[in-house]
Amino acid sequence: MKKTKLSLVGLAVLLLGGTSMYAQSWRGGGPVTLDKKYAGYHCVNLLDSTSVTVEPTGQGSFAVCRAVQVQTPVGALQQRVLKYDYDPLTAAAVFKRVTIYHSDGTYTPVDVSKTCDYAAPARAIYWGARQIMLELGQLEPGDIIDYEIDKKGFTYALLGDMPQEGDDSRFIPPMRGQFYDIVPFWSSDPTLRKVYRVSLPAEKEIQFQFYQGDCSSSMRYEVGRKVYTFAKNEMMPFRREPNMVDLYDAAPKLMMSTTPDWKEKSRWFYGVNEDYGSFTAIPEAQKKVDELIRGKKTELEKVAVLTHWVADNIRYAGISMGKGEGFTLHNLKMNYTDRCGVCKDIAGTLIAFLRMAGFEAFPAMTMAGSRVETIPADHFNHCVAVVKLSDGTMMPLDPTWVPFCRELWSSAEQQQNYLPGTPEGTDLCITPISAPENHYVRIQANNVLDDKGTLKGSFTIEAEGQSDSNIRRIFTTGFQSEWKNALERQLLNVSPKARLEGVDYGRSPKDYQRAPIRMTFRYEIPDYALKSDQGVLIFKPFVLNNLYTQVLSYLRIDTNLEERKYGFKDACSRLVELEETLRIPSGYQLQGGEKLENLDGPGAGFTGYLGQDGNRLQLKTSLRLKKRVYEASDWDSFRKAVNAAKKCGEYIVLKK
């Protein structure tokens with residue numbers, strides 16, 4: 001790469017030419033001087049600009065311009081290779097120009113013909129996504145990387161053979177004529193200026209909203225077109241909080257869509273899959289459906305048996321079929337034959353099964369992980385099913401998330417938006433909160449502690465819903481030869497000296513549909529309590545001493561944080577009831593006296609008791625976690641309840 005001296009006048013002309021003129025110049029004819037507040041960052045985005053030209057078909061042509069200043073050696077390593085992801089079935093992307101400007105006034109043009117095009121990293125879904133990459137070579141602090149990417153296309157794919165060279169039809173969105181975009185206005189690096197500009201045919205109407213912040217915006221008329229511009233200056237990195245909601249639910253974002261409402265999208269989604277024949281019955285599948293529902297008397301029994309069979313028998317693995325990725329669900333023959341696929345294939349199989357059993361059933365799009373707004377921009381990453389019951393209720397079902405789970409809709413998806421595809425059109429829906437009692441985990445222990453500190457006894461653990469799935473997983477997905485070791489590890493988590501004497505887990509713990517999980521452990525733990533020379537015994541309550549913590553997801557939320565600005569998430573709503581009766585040596589007294597706690601609030605509640613009656617200690621705690629997705633205002637009650645539960649697990653002191 002050759003370094004060339006650049007005059008200030010020439011630099012200004014270069015930066016104001018071509019598509020960059022819409023993005024504003026990042027360099028006003030002189031060196032870039034940054035405020036001291038940017039000094040501690042490895043890189044600073046001087047400019048982040050996207051200009052989109054929308055055709056009447058809905059196809060978008062994007063000019064993506066970036067100017068990044070390297071400030072440290074770490075930043076130089078981070079920026080030495082430019083990367084950009086795209087899907088070749090629906091989009092094309094190339095580096096149009098790349099130039100490195102140096103602090104001494106010289107610049108180095110980068111040969112974009114050396115761009116490499118690789119398969120993008122993937123896991124579980126292999127749909128042929130690509131990544132263009134361009135190596136820049138050695139960078140130094142003070143260097144500015146100025147580049148532009150030309151992209152055309154859209155985000156999702158529909159039916160279509162692999163495109164021929166020069167065929168631009170693949171860039172037209174599946175909902176022909178419609179355009180939408182979701183633009184994050186946040187960055188991990190400081191950004192001096194971010195601009196998003198979209199030019200549409202004058203006859204197209206578009207609705208938009210800026211969420212969780214503000215920006216400057218304008219609309220201007222050009223020849224036969226309307227141009228919308230959104231800009232924000234001096235954006236600092238978004239400060240995240242532990243366990244917070246998705247950035248799309250907290251950080252500034254722009255959403256826009258030419259689609260009038262979600263009902264229109266619902267009707268389109270229904271039609272595109274009916275036209276393709278995604279749910280057409282086949283004889284071999286009809287035979288399986290008839291076999292499964294035989295003897296089932298109620299509609300819920302039939303829905304349950306079909307949902308669980310599909311969930312348990314179709315492996316999650318997505319391979320590009322060349323046709324039908326994105327919005328279109330693969331047909332039943334493919335799914336039933338292959339017995340594998342992604343969420344849409346699993347949901348599509350269930351929809352076909354339900355229809356063959358006489359139900360009305362439809363596909364639905366949903367967003368696992370964040371909120372879907374009222375602006376009908378397609379913020380979806382997951383496909384589920386809905387079934388219409390005899391009373392008219394539309395019941396959501398998700399076979400992808402309920403393998404070996406006693407639920408039909410995973411409560412790890414509580415408070416999640418979804419859009420059914422129906423002939424009449426359905427508005428955006430949201431799944432309700434599942435009561436904590438639906439996901440209880442109960443541990444009841446009866447123990448004896450001798451004056452040497454040895455603990456002997458038994459405990460029984462019971463669980464339902466998402467708690468059941470978590471605890472039962474060793475039986476449903478693990479090797480039977482490992483069952484004993486997995487159960488023994490629960491006791492070894494309590495104490496490395498623990499000895500497992502036996503576990504009663506019933507006849508068939510793999511049969512999750514039969515009843516909630518219930519297991520009884522018998523054990524002995526030498527030196528469980530520390531004994532001092534003064535005859536003091538110190539120990540932690542057994543049921544609160546690192547036992548089955550994998551199901552207690554709230555323990556992984558940092559409750560030292562006093563206040564929250566944003567909402568936060570737990571794995572699921574949950575009821576945790578722990579009880580222990582402990583017989584202690586004669587003559588010992590509980591130090592600190594009886595303890596009683598009673599808290600309740602919008603996010604969580606807790607009751608706890610610790611007391612002594614003769615030579616018995618009694619511990620009872622009940623923690624009620626009322627949601628999966630919490631508002632920031634729920635933090636006070638959640639934090640107090642969880643901290644009270646943790647406090648009950650502190651050391652107990654017995655003294656003669």
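Worth knowing before you read on, the calculation uses all heavy atoms, side chains too, and leaves out hydrogens, waters and symmetry mates. Here the structure is a predicted model, which means the values were calculated and not measured.
Residues Glu631 and Phe568 share a closest heavy-atom pair of O-CE2, 3.5 Å. Closest approach of Ala250 to Met244, counting heavy atoms only: CB-CE, 3.5 Å. The shortest heavy-atom contact between Ala645 and Leu623 is CB-CD2, 4.2 Å. What you find for Cys405 and Gln466 is that their closest heavy atoms are SG-NE2, 3.6 Å.
Ring pair Tyr418/Trp409 is tilted by interplanar angle, where 30° to 60° counts as tilted. Between Phe230 and Phe208, the two ring planes are perpendicular [angle over 60°; tilted spans 30° to 60°]. Between Tyr248 and Trp186, the angle of the ring planes goes over 60°, which puts this pair in the perpendicular group of the 30/60° scheme. Using a 30° and 60° split on the angle between ring planes, Tyr566 and Phe238 fall in the tilted class, from 30° to 60°.
Summarising the local packing, CZ of Arg556 is surrounded by more than 12 heavy atoms from other residues, nucleotides or ligands at distances under 6.0 Å. Counting non-hydrogen atoms of neighbouring residues, nucleotides and ligands closer than 6.0 angstrom, the NZ atom of Lys263 reaches no more than 12 such neighbours. Counting non-hydrogen atoms of neighbouring residues, nucleotides and ligands closer than 6.0 angstrom, the NZ atom of Lys640 reaches no more than 12 such neighbours. Applying the 6.0 Å contact sphere to CZ of Arg315 captures no more than 12 heavy atoms from other residues, nucleotides or ligands. For Arg371, the CZ atom counts as densely surrounded, since its 6.0 Å shell holds more than 12 non-hydrogen atoms of other residues, nucleotides or ligands. By the 6.0 Å contact criterion, NZ on Lys388 is open, its count of non-hydrogen atoms from other residues, nucleotides or ligands being 12 or less. Remark: Lys646 NZ is packed, more than 12 non-hydrogen atoms of other residues, nucleotides or ligands lying under 6.0 Å away. With a 6.0 Å radius and a threshold of 12 heavy atoms from other residues, nucleotides or ligands, Lys288 has its NZ atom above the threshold.
The distance between the ring centers of Phe380 and Trp262 falls below 6.0 angstrom.
Here the straight-line distance linking atom OG1 of Thr349 with atom CD1 of Ile314 works out to 3.5 Å at 0.5 Å rounding. To the nearest 0.5 angstrom, Phe638 atom CZ is 4.0 Å from Ile557 atom CD1.
A salt bridge is absent between Glu563 and Lys565: the closest approach of a Lys/Arg side-chain nitrogen to an acidic carboxylate oxygen does not fall below 4.0 angstrom. Contact check on Glu577 versus Arg442 returns a salt bridge, with a Lys/Arg side-chain nitrogen under 4.0 Å from an Asp/Glu carboxylate oxygen.
Side-chain atoms of Thr259 and Glu264 form no donor-acceptor pair, as typed in the model, at a separation below 3.5 Å. Checking Asn643 against Thr559 by side-chain atom types alone, a donor-acceptor pair falls below 3.5 Å. Asn417 and His379 share no donor-acceptor pair across their side chains, judged by distance under 3.5 Å alone. Using a 3.5 Å distance cut-off with no hydrogens or angles, the side chains of Thr258 and Gln178 do pair a donor with an acceptor.
Considering only heavy atoms from C-beta on, Leu354 comes within 4.5 Å of Leu397 through its side chain. When side chains are defined from C-beta on, Glu373 does not count as touching Gln209, because their heavy atoms never get closer than 4.5 Å. By the 4.5 Å heavy-atom criterion applied to side chains, Leu408 and Val402 are not counted as neighbours. Annotation: side chain of Val342 is in contact with side chain of Asp345 (closest heavy-atom distance under 4.5 Å). Phe362 places none of its side-chain heavy atoms less than 4.5 Å from the side chain of Thr426. Contact of the Glu274 side chain with the Tyr276 side chain is not registered, since no non-hydrogen atoms from C-beta on lie closer than 4.5 Å.
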Criterion salt bridge (charged side-chain N to carboxylate O under 4.0 Å, His left out) on Lys232 and Asp214, from CA distance to verdict: CA-CA 8 Å; Lys232 194 172 180 68; Asp214 54 55; 3.6 Å; yes

